[in-house]
Amino acid sequence: MCSILSTRLLNICISSFCKLQRLDKAEAVIIDGIRLGVLPNVVTYNALVDAYCRFVGIEAAYAVVRRMQVAGITPNVITYNSLLAGASRQCQLSLSLDIFEEMLNLGISPDLWSYNTLMHCFFKLGKPDEAYRVFQDIILNNLSPDRTSFNTLLNGLCRNGYTDNALMLYRNLKRHGCELELITYNILIDGLCKAGRLKAARWILKELENSGYIPNAITYTTVLKCCFKSRKFEEGLEIFWEMKSKGFTYDAFAYCTVAGAFAKRGMLKEANDCMEAMLKSGISPDIVCYNTLMNLYCKEGKFEAAYKLLDTMADEGFECDNYTHAILIDGLCKAGNVEEAQRHMKLISSTGSITNLPAFNSLLDGVYKAGHAEFAMKLFKLSKMKDEFTYSSMVHNLCKERKFRSASKLLLSCLKNGMNILKSAERAVIRGFRDSGFRRGARELQSKIRMVKFLQYETVDHEMLRESFWFRQIATPFLCHGPWNIPLVMYNAFMYRSERTKVFAAAYCCLLRNKLQSHR
DNA sequence: CTAGAATTAG
C-alpha cells in the first residue's frame, strides 16, 4: 500500500516537472526514487515519453521506451498514443504509420485517441482518403467516434477543400441532436471564411450565438482575418478594437493579423505602432511575431534591422522557419538586391533540405525583373516544384516584355497541369494580345482557356462527385434519417458494396448508441 | 487527439 502511494506521489512529481519542461529534474527524481526503493511504473514512463515527444524528439522518446522495456515494463496504448501524436505533430507520416504498425504488432489495440490522431495526421498531409479510411476503422472496430473525431473530421474536410461535406456533416450532427462545442463552430467558421463563403460563415456565427455560446478570442481572430482577406479593412479594425475592449488581445494573434494587414496596405507606420503596442502590453514575441516584424523591416528597406532581428531570434532560441527566409528573400529582391537574396537562398538550401517554394518564387521573380530573363527561364524549367505563383510571376514578366506568345503557352500549360493561375496573369496576356492588335489571338486564347478549364473541370468534377459521395455515405453517415430514407440512387450503390453497407449500418447503430447515452 | 496570427500576386 505504502509503495503504491509513493509511486503515485512520484508520478505526480514527474508529470509536474514534465509539464514545466524540466526533463532533467524529472530524470533526477526517477533516479532518487529508485535509490529509495520507489519504482517507476508505466504511468511514470508514459509521462516521460510524452514530454520527450513534445520537447525533444521522437528518437529521444523511443529511447525512453527502450529504457522502460529494459526495466521490465511493457508499453501500453497511452505510450504509443504519445509517440503517434509526436510524429503527427511533426507531420512524419511514414513514422506515424510505422508506430501504428508497431503498436498492432505488439498486440496493443489502438483506442479512439490513436485513431483520432492518425486521422488528423492524414488530413494534415492532405490525404483525405486515408483519413477517411481511419474514420471507417473507428466504426469497424466497434468504437464510437467522439466529439474530437467529428471536430477533426470537420477540420480536415475544410482544409482539404470539402467545405460542403463539412457543412453537411455539421447539419446532420445538429439534426441528430448532438451537442456541439464552441470549437466545432470555430472550425466551421474558419473553413468557410478561408473558402470565401462569407454568407455561410455569417450564418454559422449566428447559430453559434443561438446555441448559447459566446464567441471567444479564436472566433474573433478568425473573423478578423476574414475581414482583411475580403478587403473590409474598416470593419476589421472595428473588430480589433472590440477585441481589445473585451480583453481578447492577451496574445499575439490579433496584433499580428492587424499588423500584417497594415503592412499589406503599405501602412507601415501603423503596422509598426501595432507591433509596438503588442510588445508594450507585455506579450513575449514568438516566431510569428518575429516574422511579422521581419516583414515590416524588409518592406521599409531596413535590412540592417532585419539582420539584427535574425541575431535576436537566435539569442532568444528561435530557429528561422520557411516564413522567415521567404520574407527576407522577397524583401531583398523587391529592394533590388537580388545577389544578396541568391546568397541567402544558397545559405538556406545548404543547411536544410527543406524546400521553400515561396522563397523560390520571390527569387525567380527578382531574377527576371533584374534583367536576367534567360537565367530566370532556366531556373523555372529546372525547378520541379511549381505553383500558381510560380506560373503567374513568369507570365506577368513575359507580358511586360511583350512576349505574349510565350506567356500564353506558359499560361495554358499551367492550366493543363491542373493548377490555377492568378486572374491578373490571365488578364495581362489577353489584354496584351488585344492592345497590340491581335484581337483574334486574344479571342483564341480566351476560348483555349475556357476549353482547358472545362476539360480540367470535367475530370476534377467527376472525381469530386465520387469523393463527395463516399464522404457523404461514410464520413457523414447521418445524411439520411435512417437507412429507410436513403434516396434510391444511394441505396443502389450500397447494394453493390456490401462492405460499405455494413459500415453504414454500424455507423448508424453507433450514432443511436451515442444518442441514447446522451439522453440518460 | 480537435479551432485563430506571419511570406510570394493584385
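Chain letters run A, B, ... following the sequence lines, proteins first and then strands; every chain starts at 1.
- Side-chain contact between A:Phe262 and A:Leu237 is present, with heavy atoms from C-beta onward closer than 4.5 Å.
- Between A:Asp137 and A:Arg133 there is no salt bridge, since no side-chain N of the basic residue sits under 4.0 Å from a carboxylate O of the acidic one.
- Listed candidates were B:dC1, B:dA3, B:dA9. Nearest to the side chain of A:Arg89 is B:dC1.
- In the set B:dT2, B:dA3, B:dA5, the nucleotide with an atom closest to the side chain of A:Ala252 is B:dA5.
- Listed pair A:Lys194 / B:dA5 meets the phosphate criterion, a side-chain N or O lying under 4.0 Å from OP1 or OP2.
- Under the 4.0 Å criterion applied to side-chain N and carboxylate O atoms, A:Lys206 and A:Glu209 are not assigned as salt-bridge partners.
- Regarding contacts with the backbone of B:dC1, every side-chain N or O of A:Arg147 stays at 4.0 angstrom or more from both OP1 and OP2.
- Minimum atom distance to the side chain of A:Asn216 is reached by B:dA3, of the listed B:dG10, B:dA6, B:dA3.
- Using a cut-off of 4.0 Å between Lys/Arg side-chain N and Asp/Glu carboxylate O, A:Arg197 and A:Asp164 are scored as salt-bridged.
- Between A:Lys280 and A:Glu276, none of the side-chain N atoms (NZ, or NE/NH1/NH2) sits under 4.0 Å from a carboxylate O, so this pair counts as no salt bridge.
- Note: CE (A:Met385) to P (B:dT8) measures 18 Å, nearest angstrom.
- Listed candidates were B:dT8, B:dT2, B:dG10. Nearest to the side chain of A:His120 is B:dT2.
- Residue A:Thr221 is in base contact, counting any heavy-atom pair closer than 4.0 Å across all strands shown.
- Comparing B:dT2, B:dC1, B:dA3 against the side chain of A:Ile218 picks out B:dA3 as the nearest.
- At a threshold of 4.0 angstrom between heavy atoms, the contacts of A:Thr148 include nucleobase atoms, whether or not backbone atoms are also involved.
- We find that CG of A:Asp286 is positioned 8 Å from C1' of B:dA5, with the value rounded to whole Å.
- In this structure, A:Lys229 atom NZ and B:dT7 atom C1' are separated by 16 Å, rounded to whole Å.
- Side-chain proximity of A:Asn291 to B:dT7, B:dA6, B:dA9: nearest is B:dA6.
- In this structure a side-chain-to-backbone donor-acceptor pair under 3.5 Å is present from A:Ser281 to A:Met278.
- Computed from coordinates, the A:Tyr290 OH to B:dT7 C1' distance equals 19 Å when rounded to whole Å.
- When heavy atoms are screened at a 4.0 angstrom cut-off, A:Ile183 is found touching base atoms of the nucleic acid.
- Taking only side-chain atoms of A:Arg54, from C-beta outward, the nucleotide of B:dC1, B:dT2, B:dA5 with the closest atom is B:dC1.
- Closest to the side chain of A:Ser424, from the set B:dT8, B:dG10, B:dA9, is B:dG10.
- The nucleotide whose nearest atom lies closest to any side-chain atom of A:Asp321 is, among B:dA6, B:dA5, B:dA3, B:dA6.
- At least one side-chain nitrogen or oxygen of A:Asn295 sits closer than 4.0 Å to the OP1 or OP2 atom of B:dT7.
- Within the nucleic acid shown, A:His325 has no heavy atom closer than 4.0 Å to any nucleic acid atom.
- Residue A:Leu422 is in base contact, counting any heavy-atom pair closer than 4.0 Å across all strands shown.
- Rounded to whole angstrom, the span from the NZ atom of A:Lys124 across to the C1' atom of B:dA3 amounts to 13 Å.
- Residue contacts for A:Lys225: at a heavy-atom cut-off of 4.0 Å it reaches the sugar-phosphate backbone alone, with no base atom in range.
- A:Asn361 comes within 4.0 angstrom of a nucleotide base, judged by non-hydrogen atoms across all strands.
- Residue A:Leu173 contributes atom CG, which lies 19 Å from atom P of B:dT2 at whole-angstrom precision.
- Using a 4.0 Å cut-off, some side-chain N or O of A:Lys334 falls inside it from OP1 or OP2 of B:dA9.
- Neither OP1 nor OP2 of B:dA9 sits under 4.0 Å from any side-chain N or O of A:Lys264.
- Salt bridge status for A:Glu270 with A:Arg265: absent, with no side-chain N to carboxylate O gap under 4.0 Å.
- With B:dC1, B:dT8, B:dA5 as the choices, the nucleotide that has an atom nearest any side-chain atom of A:Lys299 turns out to be B:dT8.
- For A:Leu364 and B:dA9, the CG to C1' distance is 13 Å, given to the nearest whole Å.
- The distance between atom CZ of A:Phe253 and atom C1' of B:dA5, rounded to the nearest whole Å, is 5 Å.
- Looking at heavy-atom distances under 4.0 Å, A:Ala217 makes contact with a base.
- Within 4.0 Å of A:Asn81, counting heavy atoms only, lies no atom of the nucleic acid at all.
- OP1 or OP2 of B:dA3 has at least one side-chain nitrogen or oxygen of A:Asn155 nearer than 4.0 Å.
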